[in-house]
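One structure is given below, encoded as structure tokens.
Lettering of chains follows the sequences in order, A, B, ..., and the numbering in each one begins at 1. Just so we're clear, the structure is a prediction, and the values are computed from it rather than from any experiment.
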Amino acid sequence: MNTVLTNRIAGSDAPEIREIRVGFMPLTDCASLVIASALKFDEKHGIKIVLSKEVSWAGVRDRLIGGELHAAHALYGLIYGVHMGIGGAPRAMSVLMTLNRNGQGITLSGELGKRGATSGAALKSLMDRDRRDLVLAQTFPTGTHAMWLYYWLASHGIDPLNDAGIVTLPPPQMVRSMRMAKVDGYSAGEPWNSLAIREHAGFTVATSQEIWPDHPEKVLGCTAEFAKKYPNSSRALIMAVLEASRYVDEMENRDKVSEIIAGEAYIDCQVGMIEPRMKGDYENGLGRKWKDPDCIKFCDQGEVNFPYLSDGMWFLTQFRRWGLLKHDPDYLAVAREINQIELYRQAADQVKMPLPGDAMRTSKLMDGKVWDGRDPAGYASGFAIKA
Amino acid sequence: MKRILIIDDARDRALWLKASLELAEYVVVGALSWDEVDERSIQAAAADVIIVDANAPGRDTLEQISLMSRTLEKPVVVLRAQKDSRSIQAAMRAGVSAYVSHDVEGEDLSGIIQVAAARFAEHKRLRDELREVKDQLEERKLVDRAKGILIQRMGLDEAEAYRRMRSMAMNRGKRIAEIAEAIILSEELTAK
């Protein structure tokens, strides 16, 4: 770190590469990346973010590994899964920063709603009364939506691995598959839960912030090789996206942000599909409307963006819980390898983004369990429902 | 002999790839569309290698199937419709998706990838060429119609009509087909 600081003083912190190719999936939580480019926060820090719209998470992973993308908007768990070699050869990965908290959801079909399954508890009692094959979709096997879905089901006494069929679907196919009764519901980001309501195909049975208030969601990910080879570019990228995050987080900017990200080059949908939930105006599709103070957050004075070790470790505990990891890893060591706290700190300092005092934080999830990163193996094995 | 499964929504491309691989004496056990992909259909195909299009959103579906069922863990060859051989090389390096399993030798795979990648690119080239030919035909029809209008309206001969259109196109930095279209539109407007 000292050499880095000296170099910086000596003025050699210029980005090693100026053009940074960044992949994103068309979801509302790509907002800070899009804004960093659209409002030229990148230029301010001497880089040019070249955005690339992707169609699958597998593609994002392959293109990161193949070097066609330098960095990407990625599911938190995807980066950890690749690093651990889940479903493939391991490849050392890095998390540069967290992009957002909250703002995802679980949708159930209108048909299930008609049969009374309008809450997790009601779904459980329906399944107890009338056992049938429930099929639920998520977006990637190691992804956040899979973990929210499993956690939510298990908290209601439903074993995701035995009581339900789990499939992965591209989000644009979710509503159609539900209409065709191929799936009974899904866990996904926005605008896909809003779309089910708009299309009268389903309803939001739970928001992800109800499962874990202020949960980490997407990260800015890259290979460890990239972060190591291009620390200045990585830092400039973090700075640009941090400033964009600050902008996107302001509620009075969210109309404008929604309008930009709804554009054809980005999410390509009607603004009305994303704007309400971006601003915390929720409805569940069954007549309930509310203002959600825990709607999607992009910055919260840097609280959102700091790559907390406990956040990364949580995904490892869930991989362990669901049998995606056969043994306990060295949870803390893995999180320290992946989450680039030092780079983040330097970048945050430069743009005057406050830093937390601790790299762990304490959260309480929907089942009352507290996660503070202190005993990951005990936490992972302490669930009644697990693989 | 490795058994190959192709998953591709572009039916003609899938069949083309199948024929090409068979010509190289590979066994292609099937060609599925993404809608048909589930645990059962993958199981039934009993393939050793799966070939997919890199730009298919359905790839994530396959990830889950492979991960949740070890017996279905297959090397997935990811192809992209690109022309130059350099990017085919890159695709060959990066293209074999993360989950290359144990029982397929790299050499086996690279043979399959070579045939498949070359054919994939070829298919795109042919399709592009076909589209170009179609576009040219369309353009020629437009130009002929516009010429006819000029001949009738202004009493020009064919060569002169064409010369005027061409010089206007050059002066305005437009394609001659665009000028032709404008002439046709104005004719339709005044005819009404």
Side-chain angles (χ1 to χ4, degrees), chain A residues 25-26 52-69 75 78 81-91 93 135-143 145-146 160-161 165-174 176-177 180 182-183 188 223 319 322-324 326 387, chain B residues 7-9 33-43 50-82 84 86-102 104 106 109 113 117:
Chain A
M25 288 285 271
S52 166
K53 187 161 150 177
E54 304 295 324
V55 297
S56 72
W57 292 113
V60 169
R61 175 201 59 203
D62 290 352
R63 284 158 62 72
L64 276 175
I65 290 174
E68 293 152 85
L69 295 175
L75 299 160
L78 178 146
V82 173
H83 189 91
M84 300 306 290
I86 298 172
R91 176 73 182 251
M93 299 299 287
V135 179
L136 298 169
Q138 30 85 334
T139 60
F140 197 72
T142 53
H145 304 122
L161 303 185
I166 301 288
V167 297
T168 293
L169 285 178
Q173 282 173 29
M174 298 273 188
R176 185 166 62 104
S177 297
M180 292 163 68
K182 280 181 156 181
V183 302
T223 59
F319 293 168
W322 302 119
L324 296 167
K326 303 298 170 209
Chain B
I7 308 173
D8 197 343
D9 281 343
S33 73
W34 283 102
D35 265 348
E36 295 169 312
V37 171
D38 58 22
E39 207 173 316
R40 227 181 356 220
S41 63
I42 298 294
Q43 187 101 54
I50 302 174
I51 296 180
V52 304
D53 171 11
N55 295 320
R59 287 188 54 203
D60 291 340
T61 305
L62 198 57
E63 294 280 324
Q64 171 80 7
I65 293 168
S66 306
L67 186 61
M68 297 318 278
S69 157
R70 290 208 79 85
T71 57
L72 298 180
E73 207 179 13
K74 311 288 182 198
V76 172
V77 176
V78 179
L79 298 178
R80 247 164 311 159
Q82 272 155 344
D84 62 307
R86 210 182 47 226
S87 53
I88 291 172
Q89 295 293 332
M92 281 171 59
R93 273 203 313 278
V96 181
S97 207
Y99 39 174
V100 174
S101 70
H102 350 280
V104 175
L109 218 49
I113 296 168

| said: Suppose we screen for salt bridge (Lys or Arg N to Asp or Glu O under 4.0 Å). Which residues come up paired with B:D9, at least two apart in sequence or across chains? | reply: none
Looking only at non-hydrogen atoms, find the nearest pair between [X] and [Y] and report the distance.
{"X": "B:R59", "Y": "A:G59", "result": "NH1-CA, 3.5 Å"}
{"X": "B:P57", "Y": "A:S56", "result": "O-CB, 3.8 Å"}
{"X": "B:D60", "Y": "A:P141", "result": "O-CD, 4.4 Å"}
{"X": "A:P170", "Y": "B:T61", "result": "CD-OG1, 3.7 Å"}
{"X": "B:Q64", "Y": "A:T168", "result": "CB-OG1, 2.9 Å"}

Region of [X] in contact with chain B, defined by heavy-atom distances below 4.5 Å:
{"X": "A:L324", "result": "side chain"}
{"X": "A:S177", "result": "neither"}
{"X": "A:E54", "result": "neither"}
{"X": "A:L161", "result": "side chain"}

| message | With a 4.5 Å cut-off on side-chain heavy atoms, are B:D38 and A:V167 touching? | response | no
| task | Using the test side chain to side chain contact (heavy atoms under 4.5 Å, CB included), find all partners of A:R176 that sit at least two apart in sequence or belong to another chain. | result | A:Q173, A:M180, B:D35
